[in-house]
Amino acid sequence: MAEMAANGESPEILFWVGCAGSFDDRYKAVTQAFVKILNKVGVSFAVLGPEEACTGDPARRAGNEFLFQMQAVANIQVMNGYEVKKVVTACPHCFNTIKNEYPALGGNYEVIHHSQFLQQLINEGKVVLKGGGEFKGKKITFHDSCYLGRANNVYEAPREVIKALDVELVEMKRCRTKGLCCGAGGAQMFKEPEPGNKDINVERTEEALATGAAAIAVGCPFCLTMMTDGVKNKEREHDVKVYDLAEMIAKDMGI
Amino acid sequence: MSILPQIVFLIIFAIAGYFLYKRVAYLKRNILLGKSESRNDQPEARWKTMLLVALGQQKMFKRLIPAILHIMIYVAFIVINLEVLEFVIDGLTGSHRIFAPYLGSIYGLAMNVFEVLAIAVLISCIAFLIRRNVLKVPRLVKTELKGWPAMDANLILIIEIVLMVAILTMNATDQLLAERGVEGYVLLNGLFFSDMMQPLFAGLGDTTLVAIERFAWWFHIIGILAFAIYVTYSKHLHIFLAFPNTWYSNLKPKGEIENMPDVTREVNMMLGIPVEDAEAPPAEIARFGAKDINDLSWVNIMNAYSCTECGRCTAECPANITGKKLSPRKIMMDVRDRAEEVGKSIDQGGAGLGDGKSLLGDYITKEELNACTSCNACVEACPVNIDPLSIIIQMRRYVAMEESSTPAQWNAMFQNMETSFSPWKFAPTDRFNWAEQLKNEELK
């Protein structure tokens, strides 16, 4: 972003990578897949790179409002400094925080989740899919992430993206408004679960496996981690894969 | 004719009215123990939400069988109350079925409709009793319902059954007397259900029948008045509070957590961002987050009094499903029970909020708060738009900012965020490394 600003350019979108997208080895692949799609399509975009900081979502949800606002205000200063208008992110937590919680602190942007952006690219014919590739005709189930679904009522965009791959979308019993959390929201990602008789991600993975799907599609870095761990817990990693939507699209495009 | 019954009726009616008034004032005061919060924006959307969710029972239909059973009682409650209007006029004026001459055959039809509804209530209440006590539907037998809540639920159903039996008995004896031409009774061309009960009473003499009819009449009207007062002590309060509760719903996206302007002010000052009235001494901030009910908003407390303990929230809660201590229903019951404790204490001249107890610790534990994934499943599930998550977040704020007693792993996450602007311990300068990898890949 700094580079483009120095050259007097203003990109169409700011791609908000998020901490998982920047540091988590597995989710870096999602970031790269999404960037490949953007490059292929020729979308003018920028990232903040080292100027990006955590949105503060887990701090706020763990109760540390000071820390949340410190992060938020610093991010807003950076984004307002670059006159950012439109933000796209692959993380529903970042999406929710920037979209719904930054306005109260002076950060007003058009914020969309990458599932919505991918759906737009497909609808506009900018992303042309070959019809499934390795997913063609296979059963795929989509796990609703809470911060995309219930929190922001985005249920159809990710499903439209999956359907565009010419696959058989199978739903879990608890889906859309009734979708079961993967267990990582509300800052649970950063601590061990409280005592109980089961881990939430195992409960959810069992439900996903019961659909007989060959792959579990997700649109969230935390869900990706939790579902991947769940599949490992059930010792099914050899035949059930967990993918982010952007990875599935990039694979189909052969990039 | 003696006017004694009318005087007795008036006295009973006045006493019931007085108690009801006192109870409403008490509940209002308890709810207003919470902090003020303005929720009067977007009146159109609010009316619409209330009409759909409360009046229209929209969210009940996520579970079809209880929705059908519930709507039968709900419709009956509203419609049969029209008959109560006649009861009251009859009671005050000494008339009997005062509307009958004016409405003619429509009156008989109306009475038949009421009887159909009374039977529907009977069926639903029996089905509900079976679901609770025989089938033991999991969400209706969870630990937080042990004791009074389970008793309260059964009592409500039994009272409703008894009231419906009274109305049917009254109609059956009333029509028998009318058929016999006893003075004052109006013949109504057949009442479908209560006529079936008539053989039970056919062998009785007129005097006994009048006694039964009068007893059923008095029992029904006094029963309704007593039930109205009982409701104010019960989870059944949802029949009234569902309406204001949905009107004052949170209309913002569920994912949005309310900002704390007091914190914004301090953060801006720390970061050197101009703040209005920077010179003014900081406003007296009572507390960050919520330790007790007076730290919550009045809407949170109204939510608690609106809760009828159906447990749809808890049944959908990922933490509860997997055996954690958290139950969103218990959070709501705890808030109500604490408000009751404080309210009663104040009325008895006790210490009220200063009784050395608090919502956090004495009612809700940190373990429960820490188990929440903020997934909003409870909020989505509630048929009357109660928001347990709002309370959980406010209490977490108290734990984090006033007590600094968040779990160690969260403290580590806070520290990472403070030092390297990420919840994980990575160097901020490494944020762009993925791009290097991508470039290298493309070069190959």
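Treat the numbers as computed from the prediction; the structure is a model and nothing was measured. The chains referred to below are lettered A, B, ... by the order of the sequence lines, with proteins before strands, and numbering in each begins at 1.
- Put simply, of A:G179, A:A72, A:G186, the one with the most heavy-atom pairs under 4.5 Å next to chain B is A:G186.
- The side-chain heavy atoms of A:N75 and A:W16, taken from C-beta on, include a pair separated by under 4.5 Å.
- In terms of heavy-atom pairs under 4.5 Å with chain A, the best-connected choice from B:L438, B:N370, B:V399 is B:N370.
- For the pair B:L271/B:V267, a side-chain contact is recorded, criterion being any heavy-atom separation below 4.5 Å from C-beta on.
- Contact count versus chain A (heavy atoms, under 4.5 Å) is highest, among B:A400, B:A377, B:P261, for B:A377.
- Proximity to chain A (any heavy atom under 4.5 Å) is shown, for B:E368, by neither the backbone nor the side chain.
- Both the backbone and the side chain of A:A20 come within contact range of chain B, with heavy atoms under 4.5 Å apart.
- Side-chain atoms of B:N259 and A:Q69 include a donor-acceptor pair closer than 3.5 Å.
- Residue contact with chain A, scored on non-hydrogen atoms closer than 4.5 Å, involves the side chain of B:I273 exclusively.
- Looking at A:N64 and B:T406, their side chains never bring a donor and an acceptor atom within 3.5 Å of each other.
- Side chains of B:N320 and B:T314: no donor on one and acceptor on the other come within 3.5 Å.
- The candidate with the highest count of non-hydrogen atom pairs below 4.5 Å against chain A, out of B:K254, B:M401, B:R396, is B:R396.
- Interface check for chain B: of the options A:P58, A:P92, A:A104, A:P193, the most heavy-atom pairs under 4.5 Å are formed by A:P58.
- With a threshold of 4.5 angstrom between heavy atoms, A:E51 does not approach chain B through any atom at all.
- In this structure, a donor-acceptor pair under 3.5 Å is present between the side chains of B:N385 and B:S249.
- Along residues 418-428 of chain B, the residues that come nearer than 4.5 angstrom to chain A, judged on non-hydrogen atoms, are B:E418, B:F421, B:S422, B:P423, B:W424, B:F426, B:A427, B:P428 in order of number.
- Per-residue counts of heavy-atom pairs under 4.5 Å with chain A were compared for B:C317, B:A381, B:G323; the largest is that of B:G323.
- Between the CG atom of B:D295 and the CZ atom of B:R397 there is a distance of 12.5 Å, given to the nearest 0.5 Å.
- Annotation: B:K35, atom NZ; neighbour count of heavy atoms from other residues, nucleotides and ligands within 6.0 Å is above 12.
- The contact between A:Q32 and chain B is made by backbone and side chain atoms together, counting heavy-atom distances below 4.5 Å.
- Interatomic distance, SG of B:C313 versus CZ of B:R139, reported as 9.5 Å (0.5 Å rounding).
- For B:M417, the parts sitting under 4.5 Å from any heavy atom of chain A are the backbone and the side chain alike.
- For A:N152, the part lying under 4.5 angstrom from a heavy atom of chain B is the side chain only.
- In this structure, the portion of B:M270 lying under 4.5 Å from any heavy atom of chain A is its side chain and not its backbone.
- Between A:T225 and A:Y27, every side-chain heavy-atom pair lies at or beyond the 4.5 Å cut-off.
- Both the backbone and the side chain of A:F23 come within less than 4.5 Å of a heavy atom in chain B.
- Neither the backbone nor the side chain of A:Y102 comes within less than 4.5 Å of any heavy atom in chain B.
- The heavy-atom pair separating A:F142 from A:E171 by the smallest distance is O-OE1, 4.4 Å.
- Considering all non-hydrogen atoms of both residues, A:A151 and B:P253 come closest at O-CB, 3.6 Å.
- Between A:R150 and B:E380 there is no salt bridge, since none of the side-chain N atoms of the basic residue sits less than 4.0 Å from a carboxylate O of the acidic one.
- The residue among A:N100, A:V35, A:D24 with the most heavy atom pairs within less than 4.5 Å of chain B is A:N100.
- For A:V47, the part lying under 4.5 angstrom from a heavy atom of chain B is the side chain only.
- Heavy atoms closer than 4.5 Å to chain A are found nowhere in B:K252, neither backbone nor side chain.
- Between B:S374 and A:Y147, the side chains place a donor N or O and an acceptor N or O closer than 3.5 Å (distance only, hydrogens not considered).
- If you tally non-hydrogen atom pairs under 4.5 Å between each of A:A62, A:G183, A:S22, A:G149 and chain B, the highest count goes to A:A62.
- In this structure, chain B has heavy atoms under 4.5 Å from both the backbone and the side chain of A:I200.
- Options A:M70, A:K178, A:R61, A:R174 differ in how many heavy-atom pairs under 4.5 Å they form with chain B, and the most are formed by A:R61.
- Both the backbone and the side chain of A:E65 come within less than 4.5 Å of a heavy atom in chain B.
- The two residues B:C382 and B:K59 come nearest to each other via the heavy atoms O-NZ, 2.9 Å.
- Contact annotation for B:I257: both backbone and side-chain heavy atoms come within less than 4.5 Å of a heavy atom of chain A.
- In this structure, no portion of A:R204 lies under 4.5 Å from any heavy atom of chain B.
- Residues B:I331 and B:L326 meet the side-chain proximity criterion, which asks for heavy atoms closer than 4.5 Å.
- Looking at heavy atoms from C-beta onward, A:D144 lies in side-chain contact with A:R159 at the 4.5 angstrom threshold.
- For the atom pair B:N268 CG and B:T264 OG1, the distance stands at 6.5 Å (nearest 0.5 Å).
- Here B:C372 is the residue among B:C372, B:A435, B:A412, B:P407 with the most heavy-atom pairs under 4.5 Å with chain A.
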- Message: For A:F190 and B:F414: C-alpha separation, side-chain torsions, deciding distance, then whether ring pair (Phe, Tyr, Trp, His ring centres under 6.0 Å) applies.
- Response: CA-CA 10 Å; A:F190 306 99; B:F414 296 156; 9.8 Å; no

